[in-house]
Q: 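Would you mind keeping the following structure in view while I ask a few things?
Naming: A, B, ... by sequence-line order, numbering from 1 per chain.
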Amino acid sequence: MSTTDTAASGIGPVEGSGSFSAYGVDNPAPLIEAPRKRTKKTPKSTRGNFEMYGWLFMRLSGIVLVVLVLGHLLIQLVLDGGVSKIGFAFVAGRWASPWWQAWDLAMLWLAMLHGSNGLRTVINDYAERTTTRLWLKGLLYTATVFTILLGTLVIFTFDPNIR
Amino acid sequence: MPAGTLYRGREGMWSWVAHRVTGVLIFFFLFVHVLDTALVRVSPEDYDKVVATYKTPIVALLEYGLVAAILFHALNGLRVIAVDFWSKGPRYQKQMLWSVVGIWVVLMFGALYPVLGHAFREVFGS
């Protein structure tokens with residue numbers, strides 16, 4: 001019987017042709033592609049997951065920064081006479097320990113990247129002209145890279161006997 | 001609220017506004033703070049000279065403001081994480097905001113003497 005040929009009937013492949021299915025040859029349900037399914041027609045270049053990783057970084061670095069920064073404030077502004085004790089000798093005493101060097105280095109990197117990504121979001125939200133956005137973000141990234149490199153250099157090359 | 005805006009007011013919007021404002025302020029301070037700390041690489045005298053300005057009464061007041069901004073941003077940041085990752089977070093976002101404000105008030109009261117004590121003694125005598 002060549003009259004039941006599906007190609008000739010004008011109906012596509014039938015879903016679930018088993019005996020328990022509500023669909024059959026007489027009651028066909030056409031296959032419908034899922035709305036956002038990646039197919040051969042989908043462009044290869046997609047934007048990637050940068051914004052998702054940025055969002056995740058803000059939360060993960062935020063949790064670490066709560067500990068690092070509040071600890072920093074407690075040491076610098078509350079304990080042992082607060083801000084009055086701070087001076088070159090105090091810094092030299094603290095950075096003699098690798099623990100506090102690592103603490104300050106982690107705080108510097110995480111806080112700068114966290115703050116920089118936050119300001120990037122603010123610029124994207126309020127600077128409406130494309131050129132304004134580009135210039136502001138260029139300035140932001142320049143300042144961020146400069147500050148991170150300067151701070152890292154200072155922590156690693158600190159010399160208590162500079163004078 | 002004016003018509004035709006996405007801003008809804010109330011706790012949700014204002015905590016978001018405060019989070020932004022404090023975040024930008026903290027970032028600008030961080031930039032200055034790395035620069036002033038970098039003076040330890042120049043000379044002990046130059047570093048101590050600049051740090052001396054941090055000990056004046058007016059700057060002590062600014063430090064209290066900085067502590068206020070950091071504490072709010074930290075506590076509200078934890079609330080944002082709870083809203084995003086805790087299944088009941090969005091339902092309790094208002095209660096969590098008022099908890100944040102409550103803890104913030106207590107901590108700010110606790111910071112009064114440590115941060116402003118020396119400035120108080122300098123202005124009003126020991």
Q: Are Ile58(B) and Tyr54(B) connected in a single hydrophobic cluster, I mean Ile/Leu/Val/Met/Phe/Trp/Tyr linked by side-chain heavy atoms less than 4.5 Å apart?
A: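 No, no single cluster joins them.
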
Q: Supply the atom-to-atom distance His72(A) NE2 to Ile70(B) CD1, rounded to the nearest 0.5 angstrom.
A: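 His72(A) atom NE2 to Ile70(B) atom CD1 measures 8.0 Å (nearest 0.5 Å).
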
Q: With a 4.5 angstrom heavy-atom cut-off, which part of Leu60(A) approaches chain B: side chain, backbone, both or neither?
A: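 Neither part.
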
Q: Who wins among Ala89(A), Ser116(A), Gly82(A), Gly81(A) for the most heavy-atom pairs under 4.5 Å with chain B?
A: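 Maximum pair count with chain B is reached by Ser116(A).
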
Q: Looking at Trp55(A), Phe146(A), Phe90(A), which makes the most heavy-atom pairs under 4.5 Å with chain B?
A: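 Sorted descending by pairs with chain B, the first entry is Trp55(A).
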
Q: Taking atom CZ of Phe57(A) as the centre, report whether more than 12 heavy atoms of other residues, nucleotides or ligands fall under 6.0 Å from it.
A: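 For Phe57(A), atom CZ is crowded (more than 12 foreign heavy atoms under 6.0 Å).
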
Q: Within the 4.5 Å heavy-atom criterion, are Tyr126(A) and Arg20(B) side-chain neighbours or not?
A: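 A side-chain contact exists here, since the closest heavy-atom pair is under 4.5 Å.
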
Q: Taking atom NZ as the centre, does Lys85(A) end up with more than 12 heavy-atom neighbours from other residues, nucleotides or ligands that are less than 6.0 angstrom away?
A: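 Yes, enclosed.
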
Q: Considering non-hydrogen atoms only, spot the tightest contact between Lys55(B) and Ser84(A) and give its length.
A: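 Taking Lys55(B) first and Ser84(A) second, the nearest heavy atoms are NZ-O, 3.1 Å.
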
Q: CH2 of Trp109(A): more than 12 outside heavy atoms within 6.0 angstrom?
A: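 Atom CH2 in Trp109(A) is not crowded, with 12 or fewer foreign heavy atoms closer than 6.0 Å.
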
Q: Which answer fits Leu70(A), side chain, backbone, both or neither, if we ask what part of it has an atom under 4.5 Å from a heavy atom of chain B?
A: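 Interface part for Leu70(A): side chain.
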
Q: Given that the side chain runs from C-beta out, which part of Val42(B) has a heavy atom under 4.5 Å from chain A: side chain, backbone, both or neither?
A: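 Just the backbone, heavy atoms under 4.5 Å.
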
Q: Check whether Val83(A) gets within reach of chain B through its side chain, its backbone, both or neither, counting any heavy atom under 4.5 Å.
A: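 For Val83(A), heavy atoms of backbone and side chain both lie under 4.5 Å from chain B.
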
Q: Checking heavy atoms, do the side chain of Met58(A), its backbone, both or neither come under 4.5 Å from chain B?
A: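 For Met58(A), no heavy atom lies under 4.5 Å from chain B.
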
Q: Do Trp100(A) and Leu105(A) share a hydrophobic cluster, counting only Ile, Leu, Val, Met, Phe, Trp and Tyr and linking them when any side-chain heavy atoms are less than 4.5 Å apart?
A: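 Same cluster: Trp100(A) reaches Leu105(A) through Ile, Leu, Val, Met, Phe, Trp or Tyr contacts under 4.5 Å.
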
Q: With only heavy atoms counted, which part of Thr157(A) is less than 4.5 Å from chain B, the side chain, the backbone, both or neither?
A: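 Both backbone and side chain of Thr157(A) come within 4.5 Å of chain B.
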
Q: Give the cluster check for Phe28(B) versus Leu139(A): same hydrophobic cluster or not, with ILVMFWY residues linked at side-chain heavy-atom distances below 4.5 Å.
A: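 No; tracing contacts between hydrophobic side chains, which count when under 4.5 Å, never links both residues.
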
Q: Are Glu45(B) and Phe88(A) close enough that some pair of their side-chain heavy atoms sits under 4.5 Å apart?
A: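 Not in contact.
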
Q: Atom CZ of residue position Phe85(B) - does it have more than 12 heavy atoms of other residues, nucleotides or ligands inside 6.0 Å?
A: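 Atom CZ in Phe85(B) is packed in, count exceeds 12.
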
Q: Roughly how far apart are Met112(A) CE and Leu30(B) CG, rounded to 0.5 Å?
A: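 It is 5.5 Å, given to the nearest 0.5 Å.
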
Q: Using the rule that two of Ile, Leu, Val, Met, Phe, Trp, Tyr join whenever any of their side-chain heavy atoms come within less than 4.5 Å, decide whether Val67(B) and Val21(B) are in one cluster.
A: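 Looking at the clustering, Val21(B) is in the same group as Val67(B).
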
Q: If you count heavy-atom pairs under 4.5 Å with chain A, which of Gly23(B), Gly77(B), Ala38(B) comes out on top?
A: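 Option with the top pair count is Ala38(B).
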
Q: Look at the side-chain heavy atoms of Ile, Leu, Val, Met, Phe, Trp and Tyr, link any pair under 4.5 Å apart, and say whether Phe50(A) and Met52(A) land in one connected group.
A: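 No, separate clusters.
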
Q: Checking heavy atoms, do the side chain of Leu74(A), its backbone, both or neither come under 4.5 Å from chain B?
A: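 Neither; nothing under 4.5 Å.
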
Q: With only heavy atoms counted, which part of Arg41(B) is less than 4.5 Å from chain A, the side chain, the backbone, both or neither?
A: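 Contact with chain A: backbone and side chain both.
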
Q: Just wondering, do Val34(B) and Val154(A) contact through their side chains at under 4.5 Å, heavy atoms?
A: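 No, their side chains stay 4.5 Å or more apart.
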
Q: Leu77(A) versus chain B, heavy atoms under 4.5 Å apart: side chain, backbone, both or neither?
A: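 When you check distances to chain B, atoms from both the backbone and side chain of Leu77(A) fall under 4.5 Å.
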
Q: Identify which of Val122(A), Thr121(A), Val91(A) forms the greatest number of heavy-atom pairs closer than 4.5 Å to chain B.
A: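 Answer, by heavy-atom pair count under 4.5 Å with chain B: Val122(A).
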
Q: Picking from Leu108(A), Ile63(A), Val78(A), Ile86(A), which has the most non-hydrogen pairs under 4.5 angstrom with chain B?
A: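 Looking at each of Leu108(A), Ile63(A), Val78(A), Ile86(A) in turn, Ile86(A) comes out on top.
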
Q: Within the 4.5 Å heavy-atom criterion, are Trp95(A) and Val40(B) side-chain neighbours or not?
A: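 In short, these two side chains touch, coming nearer than 4.5 Å.
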
Q: Mark yes when over 12 heavy atoms from residues, nucleotides or ligands other than Leu149(A) sit less than 6.0 Å from its CG; otherwise mark no.
A: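 Counting neighbours around CG of Leu149(A), more than 12 heavy atoms of other residues, nucleotides or ligands fall under 6.0 Å, so yes.
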
Q: Only pairs of heavy atoms separated by less than 4.5 Å count here; which of Val51(B), Asp48(B), Ile26(B) has the most with chain A?
A: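 Looking at each of Val51(B), Asp48(B), Ile26(B) in turn, Asp48(B) comes out on top.
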
Q: Let me know if Tyr113(B) has heavy atoms under 4.5 Å from chain A in its side chain, its backbone, both or neither.
A: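 For Tyr113(B), there is no contact with chain A at all, as no heavy atom is under 4.5 Å.
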
Q: Any heavy-atom pair between the side chains of Phe27(B) and His114(A) that's under 4.5 Å?
A: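 They are not in side-chain contact.
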
